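Numbering starts at 1 and runs along the sequence shown. This is a predicted model, so every value here is computed, not measured. Just follow the structure's listing: the first ligand is 1, and inside any ligand the first atom is 1.
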Amino acid sequence: MSLLKKSMIFTDIHRAIHHLLNREVVALPTETVYGLAGLGYDGQAVEHIYALKNRPQHNPLIMHYACLEDTTTDVVWTPWAQHLAAACWPGPLTLVLSLARTSRIPLAATGGLNSAAIRVPSHPMMQTILRALPGPLAAPSANLSGQLSPTTAAHVAKDLDVPILDGGPCIYGLESTIVDGRTWPINILRPGALSVEYISTLLLGFQEPPMVSDCALGKRDFITIPSSPGIKVLCPGQLLAHYAPKKPLRLNATHIEEGEGLLAFGSPLLGADVCVQLSAEGNVSQAAANLFAALHQLDQSPCEAIAVMPIPQTGIGCAINDRLSRACAAFGPGNMAV
Ligand code: AMP
Ligand code: MG
């Protein structure tokens, strides 16, 4: 079985393009995590993605484009969304925008909503592929729904039996930041690879839209930080229990309990048989890049549970804590991973 899966991993971009044009689903590297990609305008490919991932139909997919210009028949742009896209694309920013009348995105990919989530990824292999295709790619993370996101080709092969283009480890290692670009003020729907602070800084340079009078630019109150887990779900699919390893997690650990392995940040706690370091020097960006790989590693180790050292709630640390608390919620009562 493992031999069969190994043979599915390759590095030839043309082979990936060939599979996609054949309406097949292929795992592709991006700068965030590996994506399970299919032709975005092809309802059949989109349905195949949902089936392979066992993803709930109401959880919409992100559409990946080669460039901003390619999106204009599918979505309606707002000036502030355009400003953010110009600054962040290609890169790990996803924008939710209203569907245009001319949109070719199938309903199945938007969960039946009148909006779409779109992004222009920067990974060079993904860029080459997108430029060779006639339209966008729908590409959620290449894992079974609710489980850990894959940041290497080998992670994908553990969950899914699909062709996998190997582009090495993902540099950000965390999903994109999702921003609702339809309204002003904007809403951050999911913290991710670009920090809220960074996006906030970009908007400080943006000229206030003339029609909005009650929005104080220059203050930092024009971004709504995502609600604490369980209070308000702004984003369909932003389900509490998600991104879960197979073992229970204990967050903000200051000691090790019997049978626990350690997910360390900075100087490690003593007493764990298994210790995986996120960042010895306490760097949150490095920790983000290592997060899912570290959880995969602890999942495969002999420990029974995972103690996680505190991660600072600054910069991309917010996105790390978001993923960890969702992973934790998967083990709470009534919080099955989805
Ligand atoms: P992922 O699971 O990383 O592929 O990201 C997809 C996420 O994007 C979904 O779970 C939603 O939270 C969000 N999303 C996608 N499309 C929309 C949309 N039309 N409106 C709001 N959020 C969306
Ligand atoms: Mg995912």
Worksheet item: What do you reckon, does E175 have a nitrogen or oxygen under 3.5 Å from a nitrogen or oxygen of ligand 1?
Response: no
Worksheet item: Under a 4.5 Å cut-off applied to non-hydrogen side-chain atoms, are L263 and L295 in contact?
Response: yes
Worksheet item: Side-chain contact, heavy-atom cut-off 4.5 Å: T71 with W77?
Response: yes
Fill in: Heavy-atom donor-acceptor pair, Y198 side chain to I316 backbone, under 3.5 Å
no
Discussion item. Check whether K247 reaches the backbone of L298 with its side chain - one donor and one acceptor, N or O, closer than 3.5 Å.
Written reply: yes
For [X], take its heavy atoms, then give the atoms of ligand 1 lying under 4.0 Å from any of them.
X: I178; result: 7 (C), 8 (O), 13 (C)
X: A117; result: 14 (N), 15 (C), 16 (N), 17 (C)
X: I62; result: 5 (O), 6 (C), 8 (O)
X: S115; result: 18 (C), 19 (N), 20 (N)
X: P140; result: 4 (O)
X: L113; result: 18 (C), 19 (N), 20 (N)
X: A116; result: 19 (N)
X: R190; result: 1 (P), 3 (O), 5 (O)

When you compare the side chains of [X] and [Y], does any donor N or O come within less than 3.5 Å of an acceptor on the partner?
X: Q127; Y: S122; value: no
X: Y41; Y: D74; value: yes
X: E24; Y: N22; value: yes
X: S176; Y: R190; value: yes

Discussion item. Looking at ligand 1, would T110 count as a contact under a 4.0 Å heavy-atom criterion?
Written reply: no
Worksheet item: Of the backbone and side-chain N, O or S atoms of S141, does one lie nearer to the Mg ion (ligand 2) than 2.8 Å?
Response: yes
Discussion item. Does only the side chain of D180 get under 4.0 Å from ligand 1, or the backbone, or both, or neither? Count heavy atoms.
Written reply: neither
Worksheet item: Between K53 and ligand 1, which residue portion shows a heavy-atom distance shorter than 4.0 Å: side chain, backbone, both, or neither?
Response: neither
Item to complete: Specify whether H296 and H155 have parallel, tilted or perpendicular ring planes, treating 30° as the upper limit for parallel and 60° as the lower limit for perpendicular.
Response: parallel
Fill in: Option set G35, S98, P60, criterion heavy-atom distance to atom 14 (N) of ligand 1, minimum
P60
